[in-house]
Colleague: 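Following this message is one structure expressed as structure tokens.
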Amino acid sequence: MNRLLRIFRLTLKYRKNLWLNLVFGWFSTFFGLFSLVLVAPLLEIIFYPQAQALGLPPVWEWSRQGISTGLAYRLQLLSQNYGPQGALLAVCLIIIAAILLKNGFHYLATRHASVVVNRSTEDLRNALFKRLLEMPQGYLTDSRKGELLARLSNDVQDIEFSMLSVVTAFFRHPLHIATYVATLLWLSPALTLFLILFMPLTGGVIGLVSRALRKNTRMAQQHFGRLIAHLEESLTAMKMIRSFKAEPFFSGRFEAENRLYTQRRIRMFRQADLAVPLGEVMGVAAVAAVLWWGGAMVFSAQISAALFITYIVVFAQLIEPFKGVSRSIYDAQKGVAALQGIEAMLEQAEAQDLPEGQVEFAGLQTEIQLKNLGFHYGGEWILRDLNFSIPKGKTLAIVGPSGSGKTTLMNLLARFYDPHEGQIWIDNKPLAELKLQDWRQKTALVSQESLLFNDTIAANIGLSHTALNQTRLIAAAEQAHALDFIQEQPQGFQTVVGDGGNRLSGGQKQRIGLARALYHGAEILFLDEATSALDSASEKAVQDALANLAGSHTLVVVAHRLSTVQSAQQILVLNAGRIEEQGSHAELMEKGGIYRSMVDLQAIK
Ligand code: ADP
Ligand code: MG
């Protein structure tokens, strides 16, 4: 119930439409009821076509007695003037009018319901995507793409469906039931006793089955998430799958997960399919009970036959909304399960959120310092006891074998993660105390794959800046040594780079990535193997760009080819997460340690 309320809360922003849905829904119920209550006079005419002598018109009274004598009088009047056939026609016309109104109002009600449902879902999707954009990197990288995709697509849709159910289960049906029950009470309080005894029984049975349903739904949604993860992984790895003929292995993995998912779905359907027949059986049982008891009342002349039949007709109409409520509660369980999944995901992400700092950061004054830094991905230490400093405007190079923790270190410097031990100090303030936005503004991480998207060069450099400053654009491109080749492109800055930038060479892409960082005002650049995938000529171009930035920018460069790092003021040799050697190129060559042997090795090649 609590969670149903949470789904309902999503719709509260559209209160106005909710109210209109409710009001129109009630009118629809009212006219439906009205058409049914007209059954009694209809029966009177059929059973007693002979018009009786008319007395004086009765005084109009708002009681059952008053209304029925009033109606009876008017019918007799009709019957007298136009014959029983004419009276019948009049009643039929009124019934048609009532049904027309009932359905017209029903249409209006559903119109507003669909606004509520679709708009709230739109809000939910937007909110989730916004949250996704600011989720901690640590959460996103743990191979959760599939789960995220499933949550954002499938689960949101489940919530959307259930929202409609919740809106009807909470408002329309209860209001409908209340109106009908009130009418029944008004028609015959004695008979209605049955109904009141019957209601909690129905509620109990529905509650029991729906709990089981929710559990299965939750499981099914989890399996679906894994299914999407398989799909995503296979799409990314398609070339590998084909070249290793690994299709049977991958389809086997998919089929196994798909089977688990399907089993849960079948169980879910079974439970949901139980809802409707169960509701109907209970409803018909109640009608039968009323028939039996009410029939006895007619025999003993406590109520008239026409009233009894009207009662039965109105009563039978209650089965629908009761079935509706149970169906809605089942449908809503899906949404509740989906909401649970989404909430769990958000909580997990939140647990890994980086704490937001408060100190403003306008630019590096003196140096970045690492003190006793340690980091792990939940297991062994990946980095340990790191102590070094990067003075402003200087270049620090980091070299070391693959897996020694270079990328991890860069991610810590860019603050995608926080260290587990020690601290990074920025001008004598811990990095974690600075405003993250400010830090991101002044720094940029450029990695091996430059991430270009299919748009113009200008848009790729400017990103969120829609109104591009032309002078700055050119200056940034020039600083990144990219201006020459950009101007040689057919449309200059307006050239579209193709999917993932595939119309440009690797070196050009990297320099556009660099220009992007510079355009956005980054003064501290972290380059993680930015030149490793490039051929020598492209590497030279990027190196020249970096040399251009030395002095005005603080650079931390991870490089595989040692020729790139020779000019750095300070070189750090990382091995298994610890600093093995540090010094300038000349000093390290002199020393004759690992660095020296690495240089020698590359020189031989
Ligand atoms: P490098 O960039 O020097 O090659 P990395 O920083 O990428 O090294 O990785 C250092 C170590 O951390 C490796 O042993 C790697 O297996 C591990 N590692 C990297 N990323 C993750 C991660 N997201 N989760 C768990 N372990 C990781
Ligand atoms: Mg790396």
Side-chain angles (χ1 to χ4, degrees), residues 132 135-148 229 232-233 236-237 345 348-349 351-354 368 370 372-388 390 395-422 424 431 443-451 506 509-510 513-514 517 525-534 539 542-543 546 555-565 568 570-582 588 593-595 597-599 601-602:
L132 177 74
M135 268 185 194
Q137 202 61 30
Y139 179 77
L140 290 177
T141 42
D142 289 356
S143 70
R144 286 210 181 82
K145 271 190 219 157
E147 193 189 336
L148 282 168
E232 197 265 342
E233 208 172 54
T236 324
M345 175 187 85
Q348 268 177 358
Q352 291 186 35
D353 256 341
L354 299 176
I368 301 171
L370 275 72
N372 291 322
L373 196 88
F375 182 82
H376 57 77
Y377 287 106
E380 281 173 42
W381 289 97
I382 299 295
L383 297 172
R384 203 77 202 265
D385 301 326
L386 294 191
N387 289 289
F388 62 87
I390 312 161
T395 301
L396 173 82
I398 301 172
V399 299
S402 160
S404 55
K406 303 181 296 290
T407 297
T408 307
L409 180 56
M410 296 300 247
N411 282 330
L412 286 169
L413 284 167
R415 203 173 173 220
F416 286 119
Y417 304 101
D418 275 341
H420 295 117
E421 212 179 61
I424 297 173
L431 175 57
T443 60
L445 180 66
V446 180
S447 60
Q448 194 161 344
E449 75 259 54
S450 49
L451 299 168
K509 284 195 269 189
Q510 284 301 32
L514 215 52
L525 296 175
F526 306 116
L527 296 127
D528 188 9
E529 313 234 20
T531 57
S532 296
L534 306 181
E539 186 187 10
V542 179
Q543 271 175 18
L546 292 183
L555 303 177
V556 183
V557 183
V558 169
H560 184 62
R561 288 195 206 121
L562 300 177
S563 52
T564 310
V565 307
Q570 182 79 241
I571 299 170
L572 219 94
V573 182
L574 208 60
N575 193 13
R578 287 170 195 270
I579 297 175
E580 288 270 334
E581 291 176 39
Q582 80 187 95
L588 291 176
I594 306 185
Y595 182 79
S597 55
M598 284 164 80
V599 172
L601 208 65
Q602 290 196 357

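As the structure lists them, so they are numbered: ligands from 1, and atoms in each ligand from 1. Note: hydrogens, waters and symmetry copies are ignored here, and every other heavy atom, side chains too, is used.
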Colleague: From atom 5 (P) of ligand 1, work out which of Thr408, Asp528, Leu409, Asn575 has a heavy atom at the shortest distance.
Modeller: Thr408
Colleague: To the closest 0.5 Å, what do you measure between CZ (Arg415) and CG (Leu431)?
Modeller: 5.5 Å
Colleague: Which of the numbered atoms in ligand 1 are below 4.0 angstrom from a heavy atom of Ile382?
Modeller: 10 (C), 11 (C), 12 (O), 17 (C)
Colleague: Checking Leu132 against Leu140 for the side chain to side chain contact (heavy atoms under 4.5 Å, CB included) test, could you report, in this order, the C-alpha distance in whole Å, the side-chain angles of both residues, the deciding distance, and whether it holds?
Modeller: CA-CA 9 Å; Leu132 177 74; Leu140 290 177; 4.0 Å; yes
Colleague: Under the side-chain hydrogen bond (donor to acceptor under 3.5 Å, both in side chains) rule, what do Thr408 and Tyr377 come out as? Steps first, then yes or no, please.
Modeller: CA-CA 10 Å; Thr408 307; Tyr377 287 106; 3.1 Å; yes
Colleague: Regarding ligand 1, does Gly403 bring an N or O atom to under 3.5 Å of one of the ligand's N or O atoms?
Modeller: yes
Colleague: Quick check: does Thr407 put an N/O/S atom under 2.8 Å from the Mg ion (ligand 2)?
Modeller: yes
Colleague: Using the side chain to side chain contact (heavy atoms under 4.5 Å, CB included) definition, which of the options Leu525, Leu396, Ile390 pairs with Leu555?
Modeller: Leu525
Colleague: Using a strict 4.0 Å cut-off to heavy atoms of Lys406, name the atoms of ligand 1 that fall inside it.
Modeller: 1 (P), 2 (O), 3 (O), 4 (O), 6 (O), 8 (O)
Colleague: Describe, in one word, how the ring planes of His420 and Trp381 are oriented to each other, choosing from parallel (under 30°), tilted (30 to 60°) and perpendicular (over 60°).
Modeller: perpendicular
Colleague: Residue-level breakdown please: for Thr407 versus ligand 1, do any non-hydrogen atoms fall below 4.0 Å on the side chain, on the backbone, on both, or on neither?
Modeller: both
